[in-house]
Every structure is written in structure tokens, then in C-alpha cells.
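Structure, as C-alpha cells:
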Number of protein chains: 2
Amino acid sequence: MVEGPVTDEAVRPAGQVRRARVGRILKAAERLFAANGFEGTTTADIAALAKLPKANVYYYFPTKEKLYLAVLDRILDLWLGEADIWIVPSRGPREALTNYIRAKIDLAREHPEASRIYASELLRGAPHLTGYLHITLRNRVMVLGKVIDGWVAQGLMHPVDPVHLLSCIWAMTQTYADFAVQIAAISGKMTLDDDVFVRATHIVTRMVTAAFVVEAG
Amino acid sequence: MVEGPVTDEAVRPAGQVRRARVGRILKAAERLFAANGFEGTTTADIAALAKLPKANVYYYFPTKEKLYLAVLDRILDLWLGEADIWIVPSRGPREALTNYIRAKIDLAREHPEASRIYASELLRGAPHLTGYLHITLRNRVMVLGKVIDGWVAQGLMHPVDPVHLLSCIWAMTQTYADFAVQIAAISGKMTLDDDVFVRATHIVTRMVTAAFVVEAG
DNA sequence: GTCTATATAGCGATAGAC
DNA sequence: GTCTATCGCTATATAGAC
């Protein structure tokens, strides 16, 4: 209470070290959880990849599970990010869906490890995502569904169940992250290159628009 | 060497016990690996679910990994099973793809745990499936691709890269097994009922045929 | 062939020096 | 705030009785 700035000056430099190390730990954890799953990853591995002593990891994250939840939180922020902004009534369904699909494919290409952790969580029955799935995501789907229903009512789209349409779009776009090794194998490639993502964007867009977007004119 | 049937009679009943127990172990292991992953499943859990002492599991399967590989082998047999028979030149693409998609959705509904174990394996980079992916599956895709290319050459289909078409079909059909909890959550259901699978079959078929099958007449 | 009892290793987590 | 050394537990795997 004596001097205001004291605590600030004492805390801020330490806070920067903290931020940097927490960031390193989260990044290492994301890589390893994506590659090996929760139980398949050891805290020693995470510490080694982050180039920190193991006990230091426990200083910032009291348990392995808390660390995992922190990783998951960042992923949900990504997931709830930009793509949805395209689905608004003012755009036609063709433009909206085209851009939405492009955004989702970009996400799969730029954050494949995030996608894999999310997929792992769903495969296991999503024990840490019940609130997210039943409240946050469900509300999002209902909002997007209203927009789609509106286009249907205007005769711009053929009738379609938004839940299934969105599930299929997510499945197709995320498969290029989650199952990349299978797609690479059947393509005879070692890894997915830009060409694959360009073609993926086209084919997914084509399937969705051909099936549900009413021809103009 | 004294009597021929002796060994037969001595061995066959034992062999039947063996088959029954091995079957119980494999079934329990499949359930648990699907729910918890390889590292998340303990041999004690498997033994308990199979209602056998733990050491008995080790009698039939020398290591946990060998047991996992046995489970995986059964899944690959399922995966390489019936669906592909629909993709033959003599049928038109509409009939072929419609039945192929129906078969894949049926597989997802009837064997969701198998699908989840396979998905887990791909997520981890498929360390146990390199031969399957690069040889067996790749050959299958090349055979199916030839049929599709043939339909394109005949003007029955619009040009399409078979690798992407198949990847998208697999993604959409398997998502109803792998990510069932997400689809249930956004639908406001506790579990996926028959209605969901019927709609799924329709929407996936519609997307594929609308985009790539040339209109008859 | 079957099962109990146990060896051994590796992991999550912590105590305590600095 | 940071790190070394270590604890306690759990899980795979086995030895050996029946």
C-alpha cells in the first residue's frame, strides 16, 4: 500500500519470463499431445521439448491434466474464431459457404496439431468438452442454422438439415489435418503439399454448392 | 504316435476354450482401446471386462502391443470388406456410389468402436499401418480410381480426382462414428438414432452425386 | 493350461536446497 | 522463482504353484 509502482516493477519482468516459459510449455505440450495423446505423453517429454526442468513445468501447471486443459482452451479459441463470420444472411449462400470452407481448410492446414487434439478428445467421448459441445457449439450451430434456413426460405438453397451440412463440412475439412497420413499414402506423397489443399478446397466447395445452392438466374 | 485321434481329441476341446477366450479378450480390448486409447487402457481393465485373470490375458497375448495389433488386424479385415464391390464399371456411377456410401455408413453405425480405433491410429501418424496404407489401401484406391476415370471418360461423371473423392466420402461417413458425440450434442440428442443415419446417407449421397454424376438423358 | 503373487520400471508429483 | 533429488504408485510382465 506504500508505493503503487513497486509491485508493478517487481512483478512485470518476472511476468515476462513467466509468459515466455508458459508459452514454450504450451507449444511443446500441444505438439506432443497431438502426436501421442494424453496418456502417451509424459511430463518429462514436455519439459525436454520445452528445454526446461520437469519441476519447472509443475511450477506453472500444478498437474498434467491442468496443462492439457490449458492446451485445449487455446484450441477452442481457434475453433470459435473467424470462419463463422462468413455465414451471414447478407451474403448469398454460394459466397458464404465458399469462404467458410476455405477458412476451415486453411485452419486444417495451419493448425493440424490442434485439429488432432480436438479429434482425439471427441474420439474419447469428449469428457472435457461437454460444456463446449452442448452449449457453446450448439448455440453456434443454431445461429448458423437460422441463416441457412433463411436462405432456404428465400429459395436460394435447397432444403437441408444444417446439423448434417455442417457436420459434413467439418468432417471433410478436418480430414486433411487429422488423417493427413492416409491421404498422403494413397496419393503416393510423403506429405500434403499446397496442391492438395487447393484441390481439397475446390472439391469440398463443389460438393456443397452443387448439392444445395440453387442456380442463379 | 500310438493312436491318431488321441492328439485331436486332446487338442480340440482345449482349442475351443482358447478360441472362446481369445474372442472375449479381443472384444473387451476393442471396446477399451476405442474408449481410452492404447496407453489409456490397462491389461487389468481388459482382463476384468473379459472376466479373466490378468495373467491369462498374457498367456494368449505375450504383450499388450501384440494384443493391440490383433485387434487392429480384425479391423482392417472389416475395412477391406464388402463396400468396394459396388464400385465396378458395369454399374453406373450413380448406383455404384449410392450403394458404396450406404455400405460405409452402415459400417460406421455397426462398428463405431472399430472406426474409432482406426481413427486413433491415423491421428498418431499410423505407426502400425504403414504397410496397409502404402500398399494395400493404395492399390485399392488405384483400382477404384481406374473405374472412376472410366466413367469420366464415358461422360457419365464430371472430372474428379478419385483420391479426394474417396477421402471426402470416408471423412463424411466415418464422422458419424468417430465424432458421434459432437453430432449428438449439436442435435440436442443423447445418442445417434436411426433417423440420423438415414439422413446422413441421403445428404452424403446427394452431395457426391450432385457434384459429380452427370444427369441422365 | 490356468492363476496367484510379485519383480521391475517408469511416471506423476513434491520436498527442500538455492 | 528455479531446479535437484526422490518419493510413492501404478502398470507391464513373469515366476512358479496348482
Side-chain angles (χ1 to χ4, degrees), chain A residues 6-33 35-72 120 124 127-128, chain B residues 6-26 28-72 120 124 127-128:
Chain A
V6 166
T7 47
D8 252 330
E9 279 160 13
V11 165
R12 205 184 285 140
Q16 288 185 5
V17 171
R18 166 177 282 265
R19 259 223 309 272
R21 296 201 174 170
V22 165
R24 284 231 304 279
I25 293 168
L26 286 170
K27 198 176 156 191
E30 182 172 316
R31 288 262 296 268
L32 291 168
F33 285 140
N36 312 313
F38 179 76
E39 287 92 352
T41 301
T42 69
T43 53
D45 291 343
I46 295 169
L49 188 60
K51 293 185 178 162
L52 288 171
K54 189 172 66 162
N56 208 317
V57 171
Y58 277 96
Y59 175 69
Y60 292 112
F61 297 95
T63 66
K64 185 185 170 187
E65 185 168 17
K66 286 265 170 60
L67 170 53
Y68 177 73
L69 291 175
V71 170
L72 212 49
S120 258
R124 304 294 188 80
H128 301 101
Chain B
V6 165
T7 48
D8 250 330
E9 279 159 13
V11 165
R12 205 183 285 140
Q16 289 184 5
V17 171
R18 164 177 285 263
R19 260 223 307 274
R21 295 201 174 169
V22 165
R24 285 231 303 278
I25 293 168
L26 287 171
E30 182 173 316
R31 289 261 297 266
L32 291 168
F33 284 141
N36 312 314
F38 179 75
E39 287 92 353
T41 302
T42 69
T43 52
D45 291 342
I46 295 169
L49 188 60
K51 292 185 179 164
L52 287 171
K54 188 172 63 165
N56 208 318
V57 171
Y58 278 97
Y59 175 70
Y60 292 113
F61 298 94
T63 66
K64 184 185 169 186
E65 185 168 17
K66 287 264 169 63
L67 170 53
Y68 177 72
L69 291 174
V71 170
L72 212 48
S120 259
R124 305 292 188 82
H128 301 101

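Lettering follows sequence order; numbering is per chain, from 1.
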Taking atom P of C:dG1 as reference, at what distance in whole Å does atom OH of B:Y60 sit?
7 Å
Specify the separation, in whole Å, of atom CD of A:E65 and atom P of C:dA13.
9 Å
Using whole Å, what does the distance between atom C1' of nucleotide D:dT2 and atom CZ of A:F61 come to?
16 Å
In whole Å, what is the span from the CZ atom of A:F38 to the C1' atom of C:dC11?
12 Å
Residues forming a salt bridge (Lys or Arg N to Asp or Glu O under 4.0 Å) with A:R24, sequence neighbours excluded
none
Taking the side chain of B:T63 as heavy atoms from C-beta outward, which of D:dA13, C:dT2, C:dC11 is closest to it?
D:dA13
Could you tell me the separation between the OH atom of A:Y68 and the P atom of C:dC11, rounded to a whole number of Å?
19 Å
Rounding to an integer number of Å, can you tell me how far B:Y58 OH sits from D:dT14 P?
8 Å
Polar pairs (N or O, both sides) under 3.5 Å between protein and nucleotides 3-6 of chain C?
{"unit_1": "C:dC3", "atom_1": "OP2", "unit_2": "B:N56", "atom_2": "ND2", "d": "2.3"}

With a cut-off of 3.5 Å and sequence neighbours excluded, list every side-chain donor-acceptor pair involving residues 41-50 of chain A.
{"unit_1": "A:T41", "atom_1": "OG1", "unit_2": "A:L32", "atom_2": "O", "d": "3.1"}
{"unit_1": "A:T41", "atom_1": "OG1", "unit_2": "A:G37", "atom_2": "O", "d": "2.7"}
{"unit_1": "A:T42", "atom_1": "OG1", "unit_2": "A:D45", "atom_2": "N", "d": "3.0"}
{"unit_1": "A:T42", "atom_1": "OG1", "unit_2": "A:D45", "atom_2": "OD1", "d": "3.2"}
{"unit_1": "A:T42", "atom_1": "OG1", "unit_2": "A:D45", "atom_2": "OD2", "d": "3.1"}

Are the side chains of B:Y59 and B:R21 in touch, meaning some heavy atoms are under 4.5 Å apart?
no
Show the nearest heavy-atom pair for residues B:K64 and B:Y58, with the distance to one decimal.
N-CE2, 4.4 Å
Ignoring backbone atoms, test whether A:T43 places a side-chain nitrogen or oxygen under 4.0 Å from the OP1 or OP2 oxygen of C:dG12.
yes
Would you mind reporting whether A:F38 and B:E39 have side-chain heavy atoms less than 4.5 Å apart?
no
Can you tell me how far C1' of C:dG10 sits from CG of A:D45, to the nearest Å?
11 Å
Mind calculating the distance between NZ (B:K64) and C1' (D:dA11) to the nearest angstrom?
8 Å
Quick one: does B:K66's side chain have a donor or acceptor within less than 3.5 Å of a partner on B:Y60's backbone?
no
